[in-house]
Structures are given as structure tokens and as C-alpha cells.
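Let me begin by presenting the structure, written as C-alpha cells, before commenting on it.
We count ligands from 1, going down the list as the structure has it; atoms in each ligand are counted the same way. Heavy atoms only: backbone and side chains are in, while hydrogens, waters and symmetry mates are out.
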Amino acid sequence: MHQPAITQLASADPEIAGLVEAEAERQYAKIRLIASENYVSQAVLEATGTVLTNKYSEGYAGKRYYEGQQLIDPIETLAIDRAKVVFGVDHANVQPYSGSPANLAIYLAFLQPGDTVMGMALPAGGHLTHGWSVSATGKWFRSVAYGVRKDTGRVDMDEVRELALAERPKLMFCGGTAIPRTIDFPAFAAIANEVGAVLAADIAHIAGLIAGGAHPSPVGHAPVISTTTHKTLRGPRGAMLMSDADHAKALDKAVFPGLQGGPHNHTTAAIAVALGEASKPEFSTYAHNVVANASALAEALTARGFDLVSGGTDNHLILIDLTNKGIAGKPAAKALDNAGIELNYNTVPFDPRKPFDPSGLRLGTGAITTRGLTVDHMPKLAEWIDTVVTNAGDEAVLKRTAGEIRDLLAGYPMPGWG
Ligand SMILES: *Cc1c(COP(=O)(O)O)cnc(C)c1O
């Protein structure tokens, strides 16, 4: 059963309640390897389901436009103070509705339409909002993109520097959605300083690893940092912008009144709860276990002949190029889902196939680590993945695997289900 119990919902709206229960059961029964997902704690779930959703509070603590902020102000202040402690930053804004609007606020704060932004190309692992052509950020700004080297699958910092010197961006992004390797924040900072660009580190994927000390921090290198709160950080769906003191005011103004109206106070409370969890020693253990699990899974997959982009991983994320396995990403992802292993098909760098039918699979170990799986489970997980990918059309194999996975997961409680 969903936890906390949804008894009122079940009687008021059985149709929605039934779907919510079924989704909770689905999350319980599957090995969830989508690199941007996780399981939040029941405390975070409870905070998101509170009466805070009833309240409007445009503005910032002490400077609101509506009355009745006696309790909203301390909640938002707690979230901000905890963010400052967890990440060691001068300033935090916890109001962005999600990662994409957080990034849009950075453009609004520091660029004029038509100014040049430089970010990682989407097919190389960057995010849409780093200036990719189909995004508003690629339509309203002049965008130049760096990629990865074909031979290493890694960012070439010499190439980034050359491009920056030639194109003179006002804003540079580092970070992305499908980068299996450590981001070299000092090297990006040196280039941004040389060309006079604002460096924004988008740590959406790796925020939890940074909070737990399992990935280097951009603080002290990137004056502006954006992150979602719901990926490895294991909070509610939301986002934060963090910065040094010099960039604080422009970011706050860009979020409100520049881009948003009232903040989502139930989300703010849940962010505060998640940051409280992230400041505990157990969270550091979790973050290091996420990386250890990814590393062990990468090793086991490599031993089974899988071709990993960049040859492995330093963080929570693995990108598989399936070309040598004779199957495309999409049918492999569908077969795996039917077999109880949930991940996403993904473009690989220099992919000869189309974005909607690419060559790769992306997976991450955040959620399975929260669930309690350890390095000892990774060889078996690699075996399941291999068996399904090489027998993708064999319904009996998929069914058998799904059953084996259900049996394993029965020993690992899920927050939000019980
Ligand atoms: C997920 C992600 C985002 C966007 O977050 P949403 O909450 O989905 O809008 C932005 N940047 C990076 C690097 C991401 O991984």
C-alpha cells in the first residue's frame, strides 16, 4: 500500500487513487535505473502533501506581497540556510519550479536576447536548456556547443577553450544529463575567466553526490550553480539556484519577479526536509554507495562485452552503446522494462541513428542504492541486462527475469510503500 496511506483519496476519487496505488506497486516491483530518478523518503512525501500548497507567497522572506506569511517565511529560510550549509554557498534561491526554469532564470539574470551562450551539445550529454536549438534557450540566444572527443568519449578542455576564445560567450554551462565522468570545474572556471563569461555549473544529476562528498564541488569555481532537487539529491521535484554573493541579487530578481509568480511552498518544505537528510552522515554513505554501485555495474557490464561510452563511469551514470550487441536502444529499453528493469534509451555521442531511435541506453544507480542494493548485486544485475538484451524477443525470458527481480526486491523495503 502507498505510504502515507491515501484513504481519503481512495474514497473521494477511486479512479486516481487506483492509479497511484498501481504506480507505487510498479515502483516497488522494478529495478529502477533511470538516472534522473530516485525514491524520496516518507518524510519528503509527507511534506509535499501538506496544507502549504494552499498558500500564496510571492516575493521573498520579509518582503512578500500577501499577508499571512508568519510560517512560510521560516520554512523558506530554513530551506535556504540548509542549502547554504550542505553545499557551502553564500546564497541560495529555493523557488525555481524545476531545473529548466532555474536555468532560464540564469539567462534572464545575465544575458540579453541574442547574446552568446556556450553549453554541451545535447547529443554529447548536455541538457536542452544549455542552448540546444529546439529549446527557447537556443531560439532566443546565440548558442555554440562543445562535445566530447570521439576517441575518449570525454570533454576535451582544449577544444572548449578554443571555442570559447573564438566565440566569446557571455554565459558558459558545464554539466549535463548523460555525462558519466567527473566534471572538471576548475578547468571550466579558468576558461570562463579568460573570456569573461559567467560560468554556470548545472549539477542537476550529481547534486546528491556533491552533497555527500562523492564528487568534487563547483563551489569556489563556478559563481552560479543550478540544480534540480529530485535526482541524486533525493528531494521533491524542484530546483535551486546557488551563487556567490556577487551574483545573488540578479538571480533572485530573475526568479521573481522575472520569471515566476508564487513559489510552491509545499515543495519548499520538502526541499528543506531533503536537505536536512542530506546533511546527515548516512547521506554521505548513500552517495559513496551510489558511485560504488555504478562502478561495480560498469565493470560487470564491460566483462559481458557491453561497450560503455568513455569506457566506464566516475559517478552514478552509465551510458551503453549497444551497436556491438546488434540491437537499438529503444527495443532494448522496452524489453528490459517488460523484464522488470526500467531505464531509458539514449543518444550516444556521434550516434549514427536518429534521436527518437538511438543506439544507446542510459542508466543510473541512485534509486537502487536508496533501495538498499549493493555492489554484491551488480554482477547479477549485469547478467539480467545481458540476458534480456540478447533475448529481447523471448517473452518467456522476460517474464522469468521479472519474477526473479520481484523476488530479490521483496527483501528491500521501498520508502512510500509498505
Ligand atoms: C534534469 C535536468 C534539468 C531539468 O530539470 P527539469 O526539472 O526536468 O526541468 C536541467 N539540467 C540538467 C543537467 C538536468 O539533468
Side-chain angles (χ1 to χ4, degrees), residues 32-38 40 44 48 87 93-109 117-132 134-138 141 143 145-148 155 171-185 188 199-211 215 217-218 222 224-242 251 254-255 259-260 263-264 267-268 270-271 274 290 294 313-319 343-344 346-347 349 362-367:
R32 298 176 56 234
L33 292 174
I34 293 181
S36 49
E37 296 184 357
N38 216 318
V40 299
V44 168
T48 61
F87 290 96
N93 184 312
V94 296
Q95 293 193 4
Y97 298 142
S98 213
S100 304
N103 284 347
L104 206 51
I106 298 174
Y107 289 80
L108 186 61
V117 58
M118 185 168 156
M120 196 179 203
L122 184 74
H127 192 260
L128 280 164
T129 55
H130 298 180
W132 195 242
V134 298
S135 148
T137 62
F141 300 90
S143 146
Y146 58 89
V148 292
V155 177
L171 172 65
M172 276 176 62
F173 274 98
C174 59
T177 58
I179 305 175
R181 294 298 181 174
T182 301
I183 296 162
D184 189 347
F185 298 119
F188 274 103
L199 177 63
D202 183 344
I203 61 167
H205 263 264
I206 53 177
L209 307 185
I210 293 169
H215 185 290
S217 168
V224 174
I225 299 166
S226 86
T227 186
T228 56
T229 47
H230 48 269
K231 298 179 185 176
T232 54
L233 190 57
R234 217 161 62 180
R237 296 198 90 87
M240 303 193 294
L241 286 166
M242 298 179 280
L251 286 172
V255 172
L259 208 57
Q260 298 191 167
H264 294 179
T267 299
T268 305
I271 289 174
V290 169
T313 178
D314 300 324
N315 54 30
H316 65 303
L317 190 146
I318 295 168
L319 198 54
L343 41 62
N344 67 280
N346 211 96
T347 301
R362 185 189 71 159
L363 50 101
T365 50

Item to check | side-chain contact (heavy atoms from CB on, under 4.5 Å) assessment of H130 paired with N103 | outcome: CA-CA 8 Å; H130 298 180; N103 284 347; 3.7 Å; yes

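- If you number the atoms of ligand 1 from 1 as listed, the ones under 4.0 Å from a heavy atom of H230 come out as 7 (O).
- Polar contact check, K231 against ligand 1: a nitrogen or oxygen pair lies under 3.5 Å apart.
- The distance from ligand 1 to the heavy atoms of T228 drops below 4.0 Å at these ligand atoms: 5 (O), 7 (O).
- Among protein heavy atoms, the minimum distance from atom 3 (C) of ligand 1 is reached at H127 NE2, 3.2 Å.
- With ligand atoms numbered from 1 in the order given, ligand 1 contributes 15 (O) to contacts under 4.0 Å with heavy atoms of H205.
- In terms of heavy-atom proximity, V94 sits nearest to T268 at CG2-CG2, 3.8 Å.
- Assignment of G176 to the shell around ligand 1 is supported, since a heavy atom sits closer than 4.0 Å.
- Residue-level proximity to ligand 1 for A204 is carried by the side chain, the only part with a heavy atom below 4.0 angstrom.
- Contact record, F173 with L171: CE1-CD2, 3.7 Å, taken as the closest heavy-atom pair.
- In terms of protein heavy-atom proximity, atom 7 (O) of ligand 1 is closest to S98 OG, 2.4 Å.
- For atom 9 (O) of ligand 1, the closest heavy atom belonging to the protein is S100 OG, 2.6 Å.
- A pairwise comparison of heavy atoms in D314 and T182 identifies OD2-N, 3.0 Å as the closest pair.
- Closest approach of L251 and M242 over heavy atoms only: CD1-O, 4.2 Å.
- Of all heavy-atom pairs between A201 and A222, the closest is CB-CB, 3.7 Å.
- Shown are I318, L343, T177; of these, the side-chain contact (heavy atoms from CB on, under 4.5 Å) with R362 is made only by T177.
- In terms of N/O distances under 3.5 Å, ligand 1 is approached by G99.
- Protein heavy atom closest to atom 12 (C) of ligand 1, with residue, atom name and distance, is D202 OD2, 3.3 Å.
- Contact annotation: for R237 versus ligand 1, there are no heavy atoms closer than 4.0 Å.
- The minimum heavy-atom distance between G235 and V44, with the atom names listed, is C-CG1, 4.2 Å.
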